[in-house]
Amino acid sequence: MAKTKSKNFIRSIIDNDLRTQKNGDRVVTRFPPEPNGFLHIGHAKSICLNFGIADDYNGPCHLRFDDTNPANEDTMYVDSIKEDVKWLGFDWQDKLFYSSDYFDKLYNYAIELIKMGKAYICELDVEQMREYRGTLTEAGKNSPFRDRSIEENLELFTKMANGDFEEGKYVLRAKIDMASPNLNMRDPAVYRVKNAPHHRTGDKFKIYPMYDYAHCMSDSIEGITHSLCTLEFENHRPLYDWFIDELDIECHPQQIEFARLNINYTVLSKRKLLELVETKAVNSWDDPRLPTIAGLRRRGYTPGSIKEFCSRIGIAKVDSTVDIALLEYCIREDLNKNAKRAMAILNPLKVVIENYPEDKVEYLKAKVNPEDPNTSYRELPFTREIFIDHDDFMENPPEKYFRLQPGGEVKLKNSYFIKCQEVIKDQDGNIIELRCTYDQEAFCGKAADGRKVKGTAHWVSAKYAQDVEVRLYDRLFKSENPQSFDNYLDDLNPNSLTVLHNCKIENNLGNLNSGDGFQFERTGYFCVDKDSTSEALVFNRTVSLKDSFKIKKK
RNA sequence: UGGGAUGUCGUCAAGCGGUAAGACACAUGGUUUUGGUCCAUGCAUUCGAGGGUUCGAAUCCUUCCAUCCCAACCA
C-alpha cells in the first residue's frame with residue numbers, strides 16, 4: 001500500500017484500481033526513454049513518479065529503452081541514461097528492456113493486423129500523405145491503396161521487411177478512419193523502412209515500428225498496469241487503446257497523462273538541449289549550466305535534492321512552470337545540512353595585521369559543519385598577512401554596511417577582531433592592500449570589553465592559502481521564458497559562466513575528489529570539478545548562499 | 001471554423017457540496033563569530049467570468065472567456 005503521503009491524481013487512480021482489483025494486486029510501471037539524448041530534470045520528474053510509485057506499491061518499475069528509430073539512437077545515450085537513473089538512486093533490478101527486444105513479436109502482430117484487414121501497405125509519399133490527411137477542420141480522404149487485398153498487403157509487407165524497398169516508398173498503415181477528428185486516428189503509419197543500422201539489432205531489420213504501435217504493445221507485452229506519460233500524448237491514447245483492442249490482447253495497460261516539467265530561465269527539451277551542445281553554446285551534455293542530470297551532478301546537485309524537488313512540485317495535469325528558486329532552495333537545504341564548511345576568497349584583498357608578529361602562526365579551531373551537533377574540527381593557520389574578500393571592504397560604504405571600512409572593525413570568522421587603519425592603493429587608485437590591527441582580547445565573536453561588532457568577514461592565511469580556479473554559473477537564459485523568443489538562442493545569457501583565477505582557499509581540506517562539495521562560508525556552495533588536477537583545483541559554484549543584504553554596492 | 005485537455009495566492013499545489021491546506025517567493029521582527037541557518041509573524045472574504053440549483057458551491061448545472069496539445073514514414 002502507498003505511504004500516507006499526499007496523493008496525486010495518479011495515485012488515486014491506482015488506489016481505486018487496487019480496490020476494484022482491476023489488475024489484481026499488481027502495480028507495474030515503466031520509464032521509457034528514447035536513447036537519443038541525455039536525461040534532464042524533466043525526466044527526473046517522470047523517473048521519481050514511476051519508480052516512486054513502484055516502490056510504494058511494491059511493484060517493479062521497468063527501464064525500457066524506446067529504441068524504434070535507429071536514425072537518432074546510440075549506445076552512448078543508453079549508457080548515460082542508465083548511469084543517471086542509478087545515480088538518482090533508483091533500481092530497475094532485472095527489469096531492463098528494449099522495445100527492440102520485441103521487434104519479432106511486433107512484426108507478427110502487424111501481420112495479424114493485416115490479416116484482419118486492419119492494416120495496409122500505402123505508397124503515398126510524405127507529401128501526398130499530408131494532403132490526404134486533411135486538416136484540423138476538414139476530414140481526410142482515403143488512400144487509393146487502402147483497399148488492397150490482404151494477400152497483396154502480406155506480400156508487400158514481407159518485401160518491406162526483406163529490404164526489397166528503399167526508404168519512403170512503402171509504409172504500413174493502420175486502417176482506422178480518415179474522417180476522425182483526432183488526426184492520430186487517420187490511418188497512422190505503423191511501420192516504415194529505415195536503412196540506418198540499429199544500435200542493438202544492427203542491420204537485422206529493414207523496417208521499424210512507429211512509436212504509437214511499439215509503445216502500447218511493449219507496455220502490454222511487459223504487463224505494465226499504468227503507463228504514465230506527458231500531456232502531449234493525450235491525443236494518442238485512442239490509438240494506444242485501438243491496437244490493443246483490435247489485436248484482442250489480454251493485458252491492456254492504462255495510459256495516464258500528467259504535465260511535463262517546465263522551469264523558468266531554462267529549456268527542457270531534448271531537441272533544444274542537443275542544439276545547445278551541438279552549437280557549442282555550452283561545452284558538453286554535462287555542462288554545469290545545463291538542466292541535464294549529468295549537468296546538475298557536475299554542478300554539485302545531489303540526488304536527494306533533485307528527488308526532494310520532484311516531490312515538492314507535485315503531479316497534476318495543469319501546464320505549469322516551476323520557479324528555479326525552488327530547485328535552488330532544495331539544494332541549499334541539503335547542502336546546508338550536509339556540506340563541510342571551508343573558507344575561500346573569491347576576490348582576494350590582502351590585509352596586513354601590523355601588530356601581529358611577523359613569523360607567528362596560530363592554529364585556530366573551526367567547525368567542519370556547525371549544523372552538525374557532532375561536528376569535528378579543523379585547524380586554520382592564522383598569520384600576519386591574510387586575504388579577505390574585496391566585497392567585505394568599502395572605502396565609502398552606504399548606511400547599514402557593517403563590513404570593513406576605514407577606521408572600522410570586523411570580526412574575523414573563527415578568529416580575532418581587526419580594525420582598518422590604512423587603505424593602500426596603486427597608481428590607478430585601486431585598493432590593493434589594507435593595513436589593520438587586531439585585538440588579541442577579541443576572539444571568536446566576543447570582545448573582552450563586551451563591545452559589539454556587527455560584521456563578520458571570512459579570511460585565509462596568505463602564507464598557507466592554496467590558489468584555485470572557481471567557475472561561477474548564472475542562469476543560461478536571460479528571460480524567464482526563452483521559448484517566447486522567435487529563436488530561443490537569442491536569449492542566451494552571455495554571462496552564464498564566469499571563471500575566476502587566483503582564488504584563495506584554505507589548504508587543509510584533505511584529499512579532494514571530483515564532486516566533493518563544500519560550503520564556502522558566507523559565499524555559497526561549491527564542488528570540485530572533474531577538470532581538477534592534483535596541482536590545479538577547479539571548483540564549480542553550485543548555488544550562492546541566500547543574500548538578504550539589499551543595499552546597492554557602489 | 002474540428003478534436004482533446006486545463007483554469008484555486010507572484011510560482012507550484014491540496015481541496016471531490018459544509019464555508020480556501022502546505023511549500024517556494026516576498027515582507028517584517030528575533031536569535032546568530034556565516035547579512036546563511038533557525039524561530040515568529042504577515043501574505044487568496046476568494047477559487048478564469050457571468051448566470052443557475054442549494055439552507056450552504058472552488059466543488060453540481062449552464063453559457064462564455066483564456067491557455068495548452070494535435071495535420072513527422074519523431075518519440
Side-chain angles (χ1 to χ4, degrees), chain A residues 6-8 12 32-34 36 66-69 71-73 122 124-126 129-131 133-140 167-173 180-186 188-194 207-208 210-212 214-215 229-238 257 259 264 270-271 309 312-330 332-333 336-337 341 343 366 370-371 400-403 410-417 442-446 453-458 480 519-524 544-551:
Chain A
S6 78
K7 289 228 181 335
N8 55 54
S12 300
E34 183 187 12
N36 67 344
D66 215 343
D67 53 353
T68 56
N69 186 356
N72 307 323
E73 296 154 8
C122 186
L124 258 23
D125 63 29
V126 178
M129 193 99 92
R130 185 161 41 235
E131 283 164 22
R133 189 153 33 228
T135 68
L136 292 177
T137 52
E138 299 162 61
E167 276 185 34
K169 182 92 170 80
Y170 292 89
V171 52
L172 181 71
R173 290 228 260 168
S180 171
N182 181 344
L183 302 219
N184 294 124
M185 300 299 272
R186 320 244 264 225
V190 178
Y191 264 96
R192 78 292 211 189
V193 175
K194 283 268 177 194
I207 57 171
Y208 292 89
M210 300 290 293
Y211 165 85
D212 284 306
H215 199 87
C229 64
T230 44
L231 252 26
E232 65 267 31
F233 291 101
E234 228 154 9
N235 295 328
H236 293 247
R237 194 176 37 197
E257 309 85 11
N264 54 13
K270 275 200 207 167
R271 208 211 90 230
F309 173 75
R312 280 169 178 267
I313 57 177
I315 299 290
K317 295 196 69 156
V318 201
D319 285 304
S320 56
T321 302
V322 175
D323 194 336
I324 185 82
L326 181 60
L327 217 209
E328 294 178 343
Y329 170 83
C330 291
R332 285 192 186 107
E333 182 189 43
N336 173 57
K337 222 180 119 199
R341 310 289 130 128
M343 296 233 265
E371 295 294 311
K400 296 228 182 121
Y401 179 86
F402 31 82
R403 274 109 95 152
V410 282
K411 298 173 288 193
L412 248 26
K413 184 97 184 154
N414 299 304
S415 181
Y416 304 98
F417 290 20
F443 186 69
C444 279
K446 291 186 179 55
V453 169
K454 183 89 173 156
T456 303
H458 52 112
E480 276 201 42
Q519 184 196 100
F520 288 176
E521 292 199 80
R522 300 211 314 128
T523 303
S544 66
L545 245 34
K546 264 187 86 172
D547 186 6
S548 55
F549 178 50
K550 288 286 157 44
I551 295 158

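In this text the structure is predicted, and so the values were computed from the model without any measurement. Proteins come first, then strands; the chains are lettered A, B, ... in the order of their sequence lines, and each starts at number 1. No hydrogens, no waters, no symmetry mates; every other heavy atom, side chains included, goes into these values.
- Close to B:rG3, at under 4.0 Å from its OP1 or OP2, lies no side-chain N or O of A:S180.
- Annotation: cation-pi geometry not satisfied between A:R312 and A:Y329 (NZ/CZ under 6.0 angstrom from ring centroid, within 45° of ring axis).
- With respect to the salt-bridge test (charged N to carboxylate O, under 4.0 angstrom), the residues A:R133 and A:E138 do not qualify.
- Comparing A:A259 and A:S415, the nucleotide of RNA chain B nearest to each residue sits closer to the 5' end for A:A259.
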Walk along nucleotides 70-75 of chain B from 5' to 3' and tag each nucleotide B, S or - by protein heavy-atom contact under 4.0 Å, base first, then sugar-phosphate. BBSBSB
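- No side-chain heavy atom of A:M129 sits under 4.5 Å from any side-chain heavy atom of A:V126.
- Rounded to a whole angstrom, the distance from the P atom of B:rU63 to that of B:rU59 is 15 Å.
- Using modelled atom types, one side-chain atom of A:S12 and one backbone atom of A:N8 make a donor-acceptor pair closer than 3.5 Å.
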Which pairs, protein N/O on one side and nucleotides 29-31 of chain B N/O on the other, fall under 3.5 Å?
none

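- Judged by Watson-Crick or G-U wobble contacts below 3.5 Å, the nucleotide B:rC55 has B:rG18 as its partner.
- One interatomic measurement links the two molecules: CG of A:L545 to C1' of B:rC38, which rounds to 14 Å at whole-angstrom precision.
- Atom pair A:F402:CZ and B:rU32:P shows a separation of 14 Å (rounding to whole Å applied).
- In this structure, A:N264 contributes its side chain and A:I324 its backbone to a donor-acceptor pair below 3.5 Å.
- Across B:rA75 and B:rU67, the matching P atoms stand 31 Å from one another, rounded to whole Å.
- Every side-chain contact (heavy atoms from CB on, under 4.5 Å) that A:N69 has, sequence neighbours left out, goes to A:E34, A:A71, A:N72, A:E73, A:R192, A:K194.
- No side-chain donor-acceptor contact under 3.5 Å links A:T230 to the backbone of A:E232.
- Put simply, the side chain of A:Q519 and the base of B:rU34 share a donor and an acceptor less than 3.5 Å apart.
- In this view, A:H215 and A:Y211 satisfy the ring pair (Phe, Tyr, Trp, His ring centres under 6.0 Å) rule, not counting sequence neighbours.
- Straight-line distance between the P atoms of B:rU28 and B:rC70: roughly 44 Å, to the nearest whole Å.
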For nucleotides 21-27 of chain B, just jot down a letter per nucleotide in 5' to 3' order: B, S or -, based on protein non-hydrogen atoms under 4.0 Å. --SSSSS
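- Judged by Watson-Crick or G-U wobble contacts below 3.5 Å, the nucleotide B:rA27 has B:rU41 as its partner.
- Remark: C1' of B:rG7 and CG of A:L231 are 13 Å apart, rounded to the nearest angstrom.
- Using atom P as the reference point in both B:rC55 and B:rU45, the two lie 28 Å apart (nearest Å).
- Pair check for B:rC74 finds none; no Watson-Crick or G-U wobble contact set falls under 3.5 Å.
- B:rG15 atom C1' lies 18 Å from atom NZ of A:K317, rounded to whole Å.
- Applying the side-chain contact (heavy atoms from CB on, under 4.5 Å) test between A:E521 and each of A:T456, A:L545, A:N414 identifies A:N414 as the sole match.
- B:rG10 sits 13 Å from B:rA49 when the P atoms are compared, rounded to a whole Å.
- Residue A:F549 places its side chain closer to B:rG35 than to any other of B:rU34, B:rG35, B:rU6.
- Rounded to a whole Å, the CG atom of A:N8 is 14 Å from the C1' atom of B:rC12.
- The phosphate of B:rG35 (OP1 or OP2) has no side-chain N or O of A:K400 nearer than 4.0 angstrom.
- A pairwise comparison of heavy atoms in A:S180 and A:M185 identifies OG-CB, 3.5 Å as the closest pair.
- Judged as a side-chain contact (heavy atoms from CB on, under 4.5 Å), and not counting sequence neighbours, the contacts of A:R332 are A:E328, A:Y525, A:V543, A:S544, A:K546.
- When the C1' atom is used for both B:rA25 and B:rC12, the distance is 11 Å, rounded to whole Å.
- At a cut-off of 3.5 angstrom, the base of B:rG36 holds at least one donor-acceptor pair with the side chain of A:E371.
- Rounded to an integer number of Å, the gap from A:K454 NZ to B:rG36 C1' is 13 Å.
- Checked by atom type and distance alone, the side chain of A:D212 never pairs as donor or acceptor with a backbone atom of A:V190 at under 3.5 Å.
- A:K411 places a side-chain N or O within donor-acceptor distance of the main-chain N or O of A:V453, the cut-off being under 3.5 Å.
- Whole-Å rounding puts the A:R341 CZ to B:rU33 C1' distance at 14 Å.
- In this structure the side chain of A:L326 reaches within 4.5 angstrom of the side chain of A:F309, judged on heavy atoms.
- Using a 90° window around 0 for the glycosidic torsion, B:rA58 falls outside it and is classed as anti.
- Backbone-only engagement by A:K411 is indicated by non-hydrogen atom pairs under 4.0 Å involving sugar-phosphate atoms exclusively.
- One P atom belongs to B:rC26, the other to B:rA71, and the distance between them is 40 Å to the nearest Å.
- Taking a pair to require two hydrogen-bonding distances under 3.5 Å in either a Watson-Crick or a G-U wobble arrangement, B:rG35 remains unpaired.
- Taking a pair to require two hydrogen-bonding distances under 3.5 Å in either a Watson-Crick or a G-U wobble arrangement, B:rC9 remains unpaired.
- Among the atoms of the strands shown, base atoms are found under 4.0 Å from some heavy atom of A:E521.
- Distance CG (A:D319) to C1' (B:rA66): 13 Å, rounded to an integer number of Å.
- The same atom, C1', is picked in B:rA66 and in B:rC24; the two are 26 Å apart, to the nearest Å.
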